[in-house]
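Written out below as C-alpha cells is the structure these notes cover.
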Amino acid sequence: MTLPCQLTAIPRMEALSNDESWQHWFQLYGPKLLLCARQWTRSSADAEDVVQEAFVRFWRHQRHLPGEPLALLITSVRRAALDLARRDTRRSAREERADGGLDEPSPAFISPSDHDERRATMEAALARLPVEQREVLVLKIWGELTFEEIAAQLDLPPNTAASRYRYALTALRKELTAADCHG
Amino acid sequence: MDNSLDEFAELEAELKTLRPVVPSRELAARLATGLTPNRRSQPWWAWTALPAAAALTLGIFLARPSAPVVVANPAVVTTFRPVAAENVLYSARDEGYVTLEDGTPARRVRSNYVDTITWKNPRSNASLRWTVPREEVRVVPVSFQ
C-alpha cells in the first residue's frame, strides 16, 4: 500500500500552493529546465518556448500533484519538446531554409571569467559529448534525477542510462586530463 | 543503481559548479502574461460549450408540446430537435491526494468524457450530431481513521 508515501507529500504541496509564487519557483528551477530543454531542441529560442509551455502547464495543472516537483517539471519540458519536434517535422523544407535553419549555438552555462580556463574547457568538453550521453549527464547532474527517473524520461532501461552516464564521465575525464597535460 | 559512481565523485562535484544560463527576461515576461489569472486561456471547446448549452436548452424547451413558444413561432419547431444525448467516459485517472484550503486531505480524480448530442429535423429527417470532449475533475474529501 502506497498511502503513507503519498501522505508525506501533502505538507510540501501546501508549501507549494500557499507560500511560494511562480516567480520563486522559476528562479529556482528555470536555469535547470532551460538546460534540459536545450538537450531536446534545435535552438535556444525553441528551448525557451518549450520551458514556457511546460512551466505554465505545470503551474496550472500539476504543482499540487504528489511527487518530486523538479522531476514533474522535467517530464513536462520533455513532452513539450517532443510536441515541438513533431510540429517542426511538418514544416516544409522551404520554410526551414527561409528560417535559416539552426541558430548559432549559444553558451549553456554562465560564462566563466577569463582566467577560469578549467571551466571553459569543461563546457567545451561537454558540448562535444554524444547527444545521448550528454542528455543523461544533464538530467543526472543538473536535473537531479535518479537513473530510474532518467530511464523513465528517455524510455530506456535503467542500466542503459547508468552506462551512458559512465561513458559520458569517462569521456569527459579523458578530455580534461588531456587538456591538463597540454597546459 | 542510483548511487553516483565513486571513482567520478570529484568530476561530478566539479561539474556541479557549472551554473546553467538563466532564462531571458523575455521568457519571464511571457510567463507573467501566461500565468496572470485574468488572462488565463480557455480550451477551444469551452467557447462552444455555452452557446451549445443554450441551444440545447432552447431545443428542449421548444420540443415541449405545451411550450408557448411553439404556438408563437411554429417555424422554429419545424427545425432541428435534440433526439439523443450520451456521455462516454474514455479515461479516468486517480491523481492521488491533495490538500484542500481548510487542510482537509482529499483525493483528486480526473475523468475525460466525450459528449455527443444528436438533433433531428422531423420534416426532412436530416440529423445533426455534435461531439465535444469534456474534462471533469472531482475532489473527494477523505478521512484516515
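The shortest distance between side-chain heavy atoms of B:Arg30 and A:Phe55 does not fall below 4.5 Å. When side chains are defined from C-beta on, B:Val21 does not count as touching A:Leu35, because their heavy atoms never get closer than 4.5 Å. Between A:Leu65 and B:Arg108, some side-chain heavy-atom pair lies under the 4.5 Å cut-off.
Distance NZ/B:Lys16 to CD/A:Glu144: 7.5 Å, rounded to 0.5 Å. Separating the CG atom in B:Leu18 from the CD1 atom in A:Ile141 is a distance of 9.5 Å, to the nearest 0.5 Å. With rounding to the nearest 0.5 angstrom, the CG atom of B:Leu31 is 5.0 Å from the CH2 atom of A:Trp22.
Taking every heavy atom of both residues into account, B:Pro23 and A:Pro31 meet most closely at CD-N, 3.7 Å.
The existence of a salt bridge linking A:Arg173 and B:Glu10 is excluded, since no basic side-chain nitrogen approaches an acidic carboxylate oxygen closer than 4.0 Å.
Residue contact with chain B, scored on non-hydrogen atoms closer than 4.5 Å, involves the side chain of A:Leu176 exclusively. For chain B, no part of A:Ile150 is nearby; none of its heavy atoms comes within less than 4.5 Å. Within the 4.5 angstrom heavy-atom criterion, atoms from both the backbone and the side chain of B:Glu14 approach chain A.
Every residue was checked against the ring pair (Phe, Tyr, Trp, His ring centres under 6.0 Å) condition with B:Tyr113, not counting sequence neighbours, and none meets it.
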